[in-house]
Amino acid sequence: QVQLVESGGGLVQPGGSLRLACEASRLTYLSYIVGWFRQAPGRGRTFVASIRWPGGQTRYAESVEGRFTISRDNIKRSTVYLEMNNLHPEDTATYYCAAAPIRSILGAYDRQGEYSHWGQGTQVTVSE
């Protein structure tokens with residue numbers, strides 16, 4: 001059973017930075033994708049970023065392009081990071097890590113229904 005555990009959330013001022021981590025265990029697919037989604041209070045869960053393996057291709061939501069960076073730890077290959085810079089109050093949300101085997105090379109994997117494994121979430125609050 002794949003397990004995903006997020007960490008790194010917290011309270012930060014506008015313009016600040018945070019780095020979230022997603023520690024995956026038993027992720028043994030030959031090719032897989034790890035994504036970050038977020039859910040603000042009273043709103044649906046939306047795609048933030050994803051990274052594929054092998055290959056390392058990344059994809060970002062337009063709202064975070066240029067501010068957020070998703071990456072995989074080259075040593076601890078089971079860890080995926082989301083580096084968040086220049087945070088805005090509208091980035092406030094619970095951030096979830098998700099993973100899935102890649103079944104379609106052409107798939108965008110930007111919808112939560114495409115992911116089969118989820119973490120419990122970590123809260124990010126951007127406020128003065």
Applying a strict under-4.5 Å side-chain criterion to I, L, V, M, F, W and Y, I'd like to know whether [X] and [Y] cluster together.
{"X": "Ile33", "Y": "Trp53", "value": "no"}
{"X": "Ile51", "Y": "Tyr81", "value": "no"}
{"X": "Val2", "Y": "Val80", "value": "yes"}
{"X": "Leu20", "Y": "Tyr115", "value": "no"}
{"X": "Phe37", "Y": "Met84", "value": "no"}

What's the spacing between [X] [atom1] and [Y] [atom2] if we round to 0.5 Å?
{"X": "His117", "Y": "Gln1", "atom1": "NE2", "atom2": "CD", "answer": "7.0 Å"}
{"X": "Ile105", "Y": "Ser31", "atom1": "CD1", "atom2": "OG", "answer": "7.5 Å"}
{"X": "Cys22", "Y": "Arg72", "atom1": "SG", "atom2": "CZ", "answer": "12.0 Å"}
{"X": "Glu128", "Y": "Leu11", "atom1": "CD", "atom2": "CG", "answer": "10.0 Å"}

Strictly by modelled atom types, are [X] and [Y] linked by a side-chain donor-acceptor pair under 3.5 Å?
{"X": "Glu23", "Y": "Ser78", "result": "yes"}
{"X": "Thr94", "Y": "Gln123", "result": "yes"}
{"X": "Arg26", "Y": "Gln3", "result": "yes"}

Practice task
Quick one: sort the Tyr95 and Phe68 rings into parallel, tilted or perpendicular, breaks at 30° and 60°.
Solution key: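 Tilted.
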
Close side-chain approach of [X] to [Y], heavy-atom, < 4.5 Å:
{"X": "Ser127", "Y": "Pro89", "value": "no"}
{"X": "Val34", "Y": "Leu27", "value": "yes"}
{"X": "Tyr60", "Y": "Arg67", "value": "no"}

Problem - Within the 6.0 Å centroid threshold, strictly below: Phe47 and Trp36 - result: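 Ring centres of Trp36 and Phe47 not closer than 6.0 Å.
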
Exercise for the section: Check for a donor-acceptor pair, side chain of Ser17 on one end and backbone N or O of Asn85 on the other, with a separation under 3.5 Å. Expected result: no

Exercise for the section: Verify, without hydrogens or angle tests, whether Glu65 (side chain) and Ala61 (backbone) share a donor-acceptor contact under 3.5 angstrom. Expected result: no

Exercise for the section: Establish, for the pair Arg45 and Tyr96, whether the NZ or CZ atom is under 6.0 angstrom from the six-membered ring centre and no further than 45 degrees off its axis. Expected result: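 Yes, Arg45 sits over the ring of Tyr96.
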
Handout entry: Smallest separation among heavy atoms of Ala40 and Thr92, with atom names
Key =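 That closest heavy-atom pairing would be CB-O, 3.7 Å.
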
Completion exercise
For Val124 and Gly9, the nearest pair of non-hydrogen atoms, with its separation, is CG2-CA, 4.2 Å

Practice task
Check the pair Tyr109, Arg52 against side-chain contact (heavy atoms from CB on, under 4.5 Å), reporting the backbone distance first and the verdict last.
Solution key: CA-CA 10 Å; Tyr109 288 90; Arg52 299 177 180 233; 3.6 Å; yes

Handout entry: Residues which pass side chain to side chain contact (heavy atoms under 4.5 Å, CB included) with Val12, listed by chain and number, not counting sequence neighbours
Key = Leu18, Leu87, Val126

Handout entry: Residue pairs passing the salt bridge (charged side-chain N to carboxylate O under 4.0 Å, His left out) test where at least one lies in residues 31-43, sequence neighbours excluded
Key = Arg38-Asp91

